[in-house]
Amino acid sequence: MTKRAVIPDPVLDIEQIRKDFPLLQTPVYGKPLVYLDNAATTQKPQVVLESLYNYYTRYNSNVHRGVHFLSQQATEAYEQARKKVAGFINARHEHEIIFTKGTTNSINLVASSFGKKFLQPGDEVLISAMEHHSNIVPWQMICEERGAALKVIPINEQGELRMEAFDELLTGKVKIVAVTYISNSLGTVNPIAEIINKAHAAGIPVLIDGAQAIQHVPIDVRELDADFFAFSGHKIYGPTGVGILYGKEEWLNEMPPYEGGGDMIKNVTFAKTTYNELPFKFEAGTPDIAGGIVLGTALDYVQQIGITAIRRAEEELIQYAYNRLSAISSLRFIGDAGHRSGAISFLVGDIHPFDMGEILDKQSIAVRTGHHCTQPVMDFFNIPGTVRASFAFYNTRSEVDLLVEGIEKAKRMLM
Amino acid sequence: MTKRAVIPDPVLDIEQIRKDFPLLQTPVYGKPLVYLDNAATTQKPQVVLESLYNYYTRYNSNVHRGVHFLSQQATEAYEQARKKVAGFINARHEHEIIFTKGTTNSINLVASSFGKKFLQPGDEVLISAMEHHSNIVPWQMICEERGAALKVIPINEQGELRMEAFDELLTGKVKIVAVTYISNSLGTVNPIAEIINKAHAAGIPVLIDGAQAIQHVPIDVRELDADFFAFSGHKIYGPTGVGILYGKEEWLNEMPPYEGGGDMIKNVTFAKTTYNELPFKFEAGTPDIAGGIVLGTALDYVQQIGITAIRRAEEELIQYAYNRLSAISSLRFIGDAGHRSGAISFLVGDIHPFDMGEILDKQSIAVRTGHHCTQPVMDFFNIPGTVRASFAFYNTRSEVDLLVEGIEKAKRMLM
Amino acid sequence: MTIKEQQDAIIEDFSFFTDWTEKYEYIIQLGKDLPLIEEQYKRDENLIKGCQSRVWLHAEYKDGKIYFTADSDAVITKGLVSMVVRVLSGQSPKDIAEADLYFVDAIGLKSHLSPTRSNGLLAMLKQMKMYGMALKSREL
Amino acid sequence: MTIKEQQDAIIEDFSFFTDWTEKYEYIIQLGKDLPLIEEQYKRDENLIKGCQSRVWLHAEYKDGKIYFTADSDAVITKGLVSMVVRVLSGQSPKDIAEADLYFVDAIGLKSHLSPTRSNGLLAMLKQMKMYGMALKSREL
Ligand SMILES: Cc1ncc(COP(=O)(O)O)c(C=O)c1O
Ligand SMILES: Cc1ncc(COP(=O)(O)O)c(C=O)c1O
């Protein structure tokens with residue numbers, strides 16, 4: 001299914017790894033949980049929970065400008081986490097890492113701040129037809145505010161971007177391109193290197209929605225030459241409430257601040273306020289200190305297991321799932337891209353996805369159903385939604401087998 | 001010092017209560033920590049940490065629209081927390097409670113969203129001279145964007161609002177008043193009931209910055225008739241990264257959404273997006289699920305101890321601290337309002353606050369020094385900053401004694 | 001039968017099922033059984049759009065009682081819808097407005113009434129009560 | 001003395017202190033001792049504004065060496081500033097540009113160099129190195 005050559009990596013001992021995740025041991029309806037909703041959020045390893053506990057019991061304190069010991073400790077840990085994030089995605093500078101609330105918040109920051117500075121009436125923003133609402137609505141809002149137009153790269157029946165249409169849409173009017181690396185509802189892996197190269201050739205910056213990529217494939221923002229890269233902590237085994245915006249220094253320095261408040265200023269008088277330097281200019285108010293620090297711990301954990309080893313394990317598992325699901329009669333895949341990762345969406349006969357989800361749930365199998373915040377994709381395929389199984393490296397082949405059995409049982413009940 | 005009559009409340013067993021807070025048992029430089037930086041952030045009781053652990057190990061899952069068991073559980077707990085917040089501040093409706101990242105985020109939401117709808121060139125926004133930067137800069141930004149003017153209620157030498165000036169400033173041009181309930185740098189308790197009444201008499205809504213009030217005094221937004229009320233979870237014994245915006249339904253319904261993304265929409269097409277109802281309209285993206293739930297636990301904890309009992313214990317402690325500090329020669333208070341709460345700011349001789357803070361820190365006493373994100377207050381008093389001791393109900397008289405000794409020692413070293 | 005009697009009858013029916021499969025098979029059967037609404041009423045103004053599944057609701061007022069017909073595109077929801085219709089249809093506006101629908105919880109499908117799941121069932125119930133309220137006040 | 005020798009001498013001095021009080025009293029004494037900068041140079045363009053305390057820095061280039069004078073409004077910062085000046089003043093631009101200031105950490109005042117504390121010391125050091133860099137390149 002994937003066309004990428006598989007690099008030999010250490011084989012992961014999944015049964016051992018599963019022990020790191022307390023929630024995976026929790027039974028649901030008295031049976032072992034089969035958690036296949038990882039694209040919505042991932043479970044957390046014990047080290048992440050310990051890091052959280054450690055923060056609150058040993059050095060919880062407000063950060064920045066504090067003279068006292070705890071504040072120094074908290075600040076150091078928080079800034080250390082920023083360094084870890086920079087290292088994880090190979091950013092050139094630490095101050096290119098902005099702590100946000102999540103992918104949605106990161107994209108809103110760019111849409112609003114970049115838009116206010118660079119979007120004029122008649123300009124265009126180019127997104128794709130497979131974007132998550134979080135990479136659609138912020139652009140709709142700022143386009144309306146600035147009198148700009150939103151243009152959309154269409155997809156084909158396999159759920160892939162129509163790149164020939166992209167070439168045509170990439171006119172001089174486009175001020176920014178915003179696309180997802182990996183589709184959360186289709187599993188498609190987009191050719192973002194090509195997109196970035198072409199956009200840059202036309203002098204246009206690119207935002208990559210990395211919400212479904214950061215946990216599955218190695219990210220090197222410098223190699224990709226992405227101008228902005230957004231992701232959420234909770235989808236990469238970290239806590240809820242924290243996310244990252246990577247932005248190139250050149251752009252971030254040009255953009256006006258997004259929110260105002262403590263920490264993001266240098267000097268405040270009622271007559272004139274001067275803003276702080278990066279990254280603080282974009283971090284108003286007390287940050288999610290625990291969240292930032294613990295996201296760092298989550299990235300440490302991922303790095304220790306190895307993201308390429310994770311990718312390999314997941315690719316093999318998804319290939320297995322794809323093969324087994326293919327064998328179910330009257331099951332059809334929604335999105336069948338040549339290159340996929342993370343999630344598999346499907347429908348069975350005319351069974352409503354909501355009914356399928358409920359019957360799977362009763363068998364202790366957690367999948368997601370519905371439009372997955374990508375309504376335009378559902379409209380394109382003219383369906384009410386899909387059933388989506390999404391995988392993490394801690395999932396196993398026997399869980400896939402349970403999913404297949406669960407679907408067969410649901411079919412017997414519902415068809 | 002306070003003129004409010006003291007209502008008889010159950011007396012708190014502080015030594016017992018301190019055992020609830022693991023961090024208070026942590027030594028700093030080998031000596032017991034004296035934590036007097038509670039206005040910056042508070043420490044967390046064990047129940048809060050357990051609730052956090054419980055969430056991540058038993059029912060961590062993305063909320064809303066999920067069919068499966070964990071998602072239902074997480075959603076229920078999250079919405080239950082919203083109900084708790086509504087109850088805690090006596091909001092009329094649950095959907096008037098918006099989960100945000102913190103006070104700063106809450107105020108930015110209102111400034112941007114209210115401002116875009118209601119501010120026109122020539123209009124005015126009225127704040128006060130003692131506001132935290134988080135209640136200044138967002139208004140400066142939106143005023144600049146909308147061509148409106150920012151007006152400022154001045155303060156007197158005691159650090160109190162000059163209410164006669166307020167009366168004059170409250171003209172027909174004012175579209176919104178935004179003031180803090182309790183000053184974080186001066187400890188002043190403002191007459192917000194009077195401010196709200198007068199503003200309402202002129203048909204003007206009022207935002208209350210409750211960041212330093214929610215943890216110290218009972219809040220009843222309905223009785224106060226506040227239009228907006230903002231606070232941070234981390235300042236009321238809850239986690240970092242989560243806060244609350246209370247807004248009256250009438251206003252919130254009128255205001256455009258702030259951020260775009262998942263959860264805040266009803267329907268998305270590239271041609272037209274319709275927004276969700278309250279509260280979801282203002283909650284784009286995956287929320288801080290753990291943060292919201294655990295904030296609920298923190299409020300339960302406060303309610304169980306009793307906010308009026310907390311107020312009484314704190315008022316007595318602050319009175320004691322005020323008396324003991326008064327006796328230190330060449331110590332002068334910055335802010336000496338008739339009605340105060342939470343924090344005491346001071347300077348000693350011509351000792352730089354930063355030096356004082358450092359020498360106190362070496363004695364394991366955590367205070368904050370600097371401008372406390374209220375630079376205009378420092379400019380008003382023409383000082384580089386203050387030393388601020390800020391109290392929680394878990395602080396004791398013997399900690400105050402240690403502070404006083406610590407200051408005496410610093411005087412000997414520095415003067 | 002009163003609303004209470006109807007609900008108790010449903011709860012009684014469900015008490016015979018020994019596992020979730022039987023229970024769901026029964027609900028699914030209910031959902032598959034009958035066309036619950038005339039095709040002409042399955043139009044947009046009768047549509048209650050949930051996030052997951054859609055529900056159509058039509059109401060008629062005759063001789064002091066409200067008669068409901070309804071449908072859903074998801075079969076489990078449709079099964080539930082048919083039970084709600086059975087409970088409330090043909091009752092007086094006042095009784096509908098004041099009804100306490102405890103049977104959904106009692107048969108273990110409470111999650112369908114979770115406000116944030118928004119599968120349409122809760123919205124349908126609200127709509128039914130609105131009809132009850134509106135017609136009740138007209139009667140006074 | 002070289003930069004290294006100056007630093008080692010300071011570290012040696014500090015090794016005699018048995019508790020933090022003595023150490024700080026010494027730094028405070030250094031801070032109180034001398035006016036570190038001429039009043040005329042204490043003007044805005046020489047001001048390095050930290051969030052907590054302010055630092056003024058003046059540099060003069062003479063015979064291939066840079067001579068610094070500096071001051072701060074906080075006395076502990078001033079004590080540290082005087083040590084940094086002792087270490088770097090009178091050294092060559094190249095040596096200043098490449099200097100590794102390890103003594104602040106070694107005497108236990110590392111926190112003053114924390115980027116987020118922004119008390120001006122770190123900013124002053126950066127500024128000194130900038131002078132070193134600029135003058136070094138001029139020499140080539
Ligand atoms: C009065 C006041 N307003 C606003 C804030 C900002 O709160 P946060 O940093 O949690 O957003 C604070 C906290 O420092 C405060 O004391
Ligand atoms: C592709 C994509 N973009 C954006 C988001 C939004 O992330 P969050 O809800 O964490 O802000 C998601 C997650 O649902 C996603 O899958």
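In what follows, chains are A, B, ... by sequence order, proteins preceding strands, each numbered from 1. What you see is a predicted model, and the numbers here were worked out from it, not measured in a lab.
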- Task: Could you pull out the closest heavy-atom pair between B/Pro257 and A/Met141, with the gap in Å?
- Result: O-CE, 3.7 Å
- Identified side-chain contact (heavy atoms from CB on, under 4.5 Å) partner of A/Thr273 from the options B/Gln140, B/Gln375, B/His133, B/Glu144: B/Gln140
- B/Glu259 side-chain N/O to A/Asn108 backbone N/O, donor-acceptor pair under 3.5 Å: no
- Message: Can you tell me which portion of B/Ile107 sits under 4.5 Å from chain A's heavy atoms? Options are side chain, backbone, both or neither.
- Response: neither
- Message: Taking the side chain as everything from C-beta on, heavy atoms only, tell me whether B/Tyr56 gets closer than 4.5 Å to A/Thr240.
- Response: yes
- Let me know if B/Gln46 has heavy atoms under 4.5 Å from chain A in its side chain, its backbone, both or neither. side chain
- Message: Less than 4.5 Å apart, side chain to side chain, heavy atoms only: is that true for B/Ile127 and A/Phe270?
- Response: yes
- Item | NZ-OG1 distance between B/Lys101 and A/Thr100, expressed to the nearest 0.5 angstrom | 6.0 Å
- Query: Would you call the rings of B/Tyr35 and A/His68 parallel, tilted or perpendicular if under 30° counts as parallel and over 60° as perpendicular?
  - Reply: perpendicular
- Under 4.5 Å to a heavy atom of chain A? For B/His234 that would be side chain
- For the residue pair B/Gly260 and A/Pro138, what are the closest heavy atoms and their distance? O-CG, 3.4 Å
- Would you say B/Thr104 and A/Thr286 make side-chain contact, with heavy atoms under 4.5 Å? no
- Under 4.5 Å to a heavy atom of chain A? For B/Glu145 that would be side chain
- Task: Would you indicate whether the side-chain heavy atoms of A/Ser71 and B/Arg368 approach each other to under 4.5 Å?
- Result: yes
- Part of A/Pro239 within contact of chain B (heavy atom distance under 4.5 Å): both
- Name the region of A/Val367, side chain, backbone, both or neither, that has any atom closer than 4.5 Å to a heavy atom of chain B. backbone
- side-chain contact (heavy atoms from CB on, under 4.5 Å) with A/Leu70: of B/Thr41, B/Thr26, B/Leu23, only one passes, and it is B/Leu23
- B/Asn60, part contacting chain A, at a heavy-atom distance under 4.5 Å: both
- Query: Side chain, backbone, both or neither: which part of B/Leu360 has an atom under 4.5 Å from a heavy atom of chain A?
  - Reply: neither
- Message: Quick check: B/Tyr29 with A/Phe69 (ring centres under 6.0 Å apart)?
- Response: yes
- Query: Backbone N or O of B/Gly262 within a donor-acceptor pair of the A/Ser134 side chain at under 3.5 Å?
  - Reply: yes
- chain A heavy atoms under 4.5 Å from B/Lys116: which part of the residue, side chain, backbone, both or neither? side chain
- Query: Out of curiosity, B/Asn62 CG to A/Thr42 OG1, how far, rounded to the nearest 0.5 Å?
  - Reply: 10.0 Å
